[in-house]
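Please read the structure below before turning to the comments.
Basis for what follows: all heavy atoms, side chains included, without hydrogens, waters or symmetry-related copies.
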Amino acid sequence: MSTTATIVLIVVVLLVLAAVVVGVQAARRRRLRQTFGPEYDRVVADTGSRSEAEKELLERTKRHAKLEIEPLSAESRTRYAAAWEEVQIQFVDSPKEAVATADELVTRLITERGYPTGDYDERLADLSVEHAATLEHYRSAHEISVRSRDGRAETEDLRQALVHYRALFADLLGENPVAHTTPAPRPAAEAAPRTGTTPETDATSR
């Protein structure tokens with residue numbers, strides 16, 4: 001074989017190898033986009049590098065594969081659905097407390113499914129592999145919950161937090177826990193009378 005033919009053959013082989021590498025990378029990118037959805041773009045933005053982002057997402061996938069994620073029994077689903085209904089009832093009179101209860105309930109559900117819950121950021125990373133579609137709901141709910149604990153959340157914020165928690169809750173539960181509605185908090189005028197008074201005594205004292 002002549003030198004020219006050898007060079008041409010080497011170039012062709014290198015081009016084929018390059019095409020294979022590009023094809024593998026493109027296929028991997030498609031799989032990651034399908035798996036992580038909006039989370040893919042978020043991690044790319046956070047890392048500032050597509051290759052670093054994909055490395056991070058692949059690490060999440062490997063870590064998730066080592067977890068023992070368990071489906072819920074029918075009894076557990078019924079119990080959690082009933083607990084969520086209680087949260088919505090609680091919201092009518094105590095929105096702040098209801099959001100705190102929702103946060104605790106979601107955390108218990110995450111734990112029962114088999115996800116570690118020690119570190120919030122790691123929790124998000126682990127959930128992103130199978131629950132990327134509702135992960136942003138969890139972030140929003142958590143942010144409002146933190147503001148609520150600091151006394152910086154309005155009633156409408158709390159209502160939105162409950163809606164966001166419900167999205168992840170239903171995703172983890174595998175079914176809608178209750179009707180897709182969030183009750184409005186009870187107006188102040190309908191609040192329970194002050195201790196030591198009754199509606200009748202209030203009326204006669206005016």
Side-chain angles (χ1 to χ4, degrees), residues 35-39 42-43 45-46 56-57 60 63-64 66-188 190-192:
T35 299
F36 291 96
E39 186 70 5
R42 184 186 182 94
V43 177
D46 287 345
E56 159 66 18
L57 295 174
R60 292 188 190 186
R63 187 167 62 245
H64 183 274
K66 297 178 181 179
L67 300 176
E68 296 182 3
I69 307 301
E70 299 290 343
L72 293 175
S73 65
E75 292 79 11
S76 289
R77 286 197 301 271
T78 300
R79 185 177 76 256
Y80 276 110
W84 186 263
E85 189 168 5
E86 288 297 320
V87 169
Q88 295 204 152
I89 293 171
Q90 182 185 25
F91 185 85
V92 174
D93 291 312
S94 305
K96 183 175 180 179
E97 289 74 10
V99 168
T101 303
D103 182 73
E104 294 170 1
L105 185 60
V106 167
T107 301
R108 287 208 308 270
L109 178 54
I110 290 171
T111 302
E112 186 163 338
R113 288 295 312 275
Y115 290 98
T117 56
D119 179 81
Y120 172 69
D121 290 332
E122 290 183 2
R123 192 186 317 164
L124 287 176
D126 291 334
L127 287 170
S128 68
V129 179
E130 288 190 354
H131 303 282
T134 51
L135 199 62
E136 200 58 34
H137 285 287
Y138 191 29
R139 283 194 177 97
S140 297
H142 180 76
E143 187 271 332
I144 295 171
S145 183
V146 170
R147 286 197 285 118
S148 176
R149 289 196 295 269
D150 295 338
R152 297 182 293 111
E154 302 293 334
T155 301
E156 177 58 21
D157 296 328
L158 297 173
R159 190 187 71 80
Q160 287 297 326
L162 207 62
V163 171
H164 289 310
Y165 273 127
R166 184 195 179 284
L168 178 64
F169 188 83
D171 194 15
L172 289 164
L173 197 64
E175 60 185 43
N176 289 332
V178 290
H180 192 73
T181 58
T182 301
R186 192 186 304 279
E190 298 181 17

Verdict with reasoning, R113 to E68, per salt bridge (Lys or Arg N to Asp or Glu O under 4.0 Å): CA-CA 8 Å; R113 288 295 312 275; E68 296 182 3; over 6 Å; no
Take E143 and H164 through the test side-chain contact (heavy atoms from CB on, under 4.5 Å) and record every step on the way to the result. CA-CA 11 Å; E143 187 271 332; H164 289 310; over 6 Å; no
L109 side chain near L72 side chain, heavy-atom distance below 4.5 Å: yes
Just by distance, no angles: are the side chains of Y80 and R108 close enough, under 3.5 Å, to form a donor-acceptor pair? no
Looking at S145 and A141, would you say the former's side chain and the latter's main chain have a donor-acceptor pair under 3.5 Å? no
I'd like to check the salt bridge (Lys or Arg N to Asp or Glu O under 4.0 Å) partners of E136; sequence neighbours left out, ordered by chain and number. R42, R139
Not counting sequence neighbours, which residues clear side-chain contact (heavy atoms from CB on, under 4.5 Å) with A100? List them please. none
Set of residues satisfying salt bridge (Lys or Arg N to Asp or Glu O under 4.0 Å) with respect to E154, sequence neighbours excluded: none
Could you please spell out the steps behind the side-chain contact (heavy atoms from CB on, under 4.5 Å) verdict for V87 and Y165? CA-CA 11 Å; V87 169; Y165 273 127; over 6 Å; no
Looking at side-chain heavy atoms only, is the closest gap between L172 and T134 below 4.5 Å? no
For side-chain contact (heavy atoms from CB on, under 4.5 Å), just list the numbers for E112 and R79, CA-CA rounded to whole Å, side-chain angles, deciding distance to a tenth of an Å, and then say yes or no. CA-CA 12 Å; E112 186 163 338; R79 185 177 76 256; 3.1 Å; yes
So, for T107 and T117, which heavy atoms are closest and what is the spacing to 0.1 Å? O-CG2, 4.0 Å
Polar side-chain atom of S148 near backbone of I144 as donor-acceptor pair, under 3.5 Å: no
Do S73 and S76 meet the criterion of a side-chain donor-acceptor pair at a distance under 3.5 Å? yes
All heavy atoms of A102 vs all of L162, minimum pair found to be CB-CD1, 3.7 Å
Taking the side chain as C-beta and beyond, is there a heavy-atom pair between D171 and H137 under 4.5 Å? no
Are any of the side-chain heavy atoms of E97 and F91 separated by less than 4.5 Å? no
What is the distance from atom CD of E75 to atom CZ of R77, rounded to the nearest 0.5 Å? 8.5 Å
Is the shortest side-chain N to carboxylate O distance from E56 to R60 below 4.0 Å? yes
Evaluate V129 against F36 for side-chain contact (heavy atoms from CB on, under 4.5 Å), listing each step before the verdict. CA-CA 6 Å; V129 179; F36 291 96; 4.1 Å; yes
Spell out, as yes or no, whether a donor-acceptor pair under 3.5 Å connects the side chain of R147 to the backbone of R152. yes
The reported gap from CG in L173 to CZ in R166 (rounded to nearest 0.5 angstrom) is 9.5 Å
Tell me, please, which residues at least two apart from D126 pass side-chain contact (heavy atoms from CB on, under 4.5 Å). R63, L67, Y115, P116
About how many Å separate OG1 of T101 and CD of Q88, when rounded to the nearest 0.5 Å? 12.5 Å
Under the side chain to side chain donor-acceptor pair (under 3.5 Å) test, which residues partner E156, sequence neighbours left out? R159, Q160
Run the ring pair (Phe, Tyr, Trp, His ring centres under 6.0 Å) test against F169 and tell me which residues pass, sequence neighbours left out. W84
Contact summary for A132 and T35, nearest pair of heavy atoms: CB-O, 3.8 Å
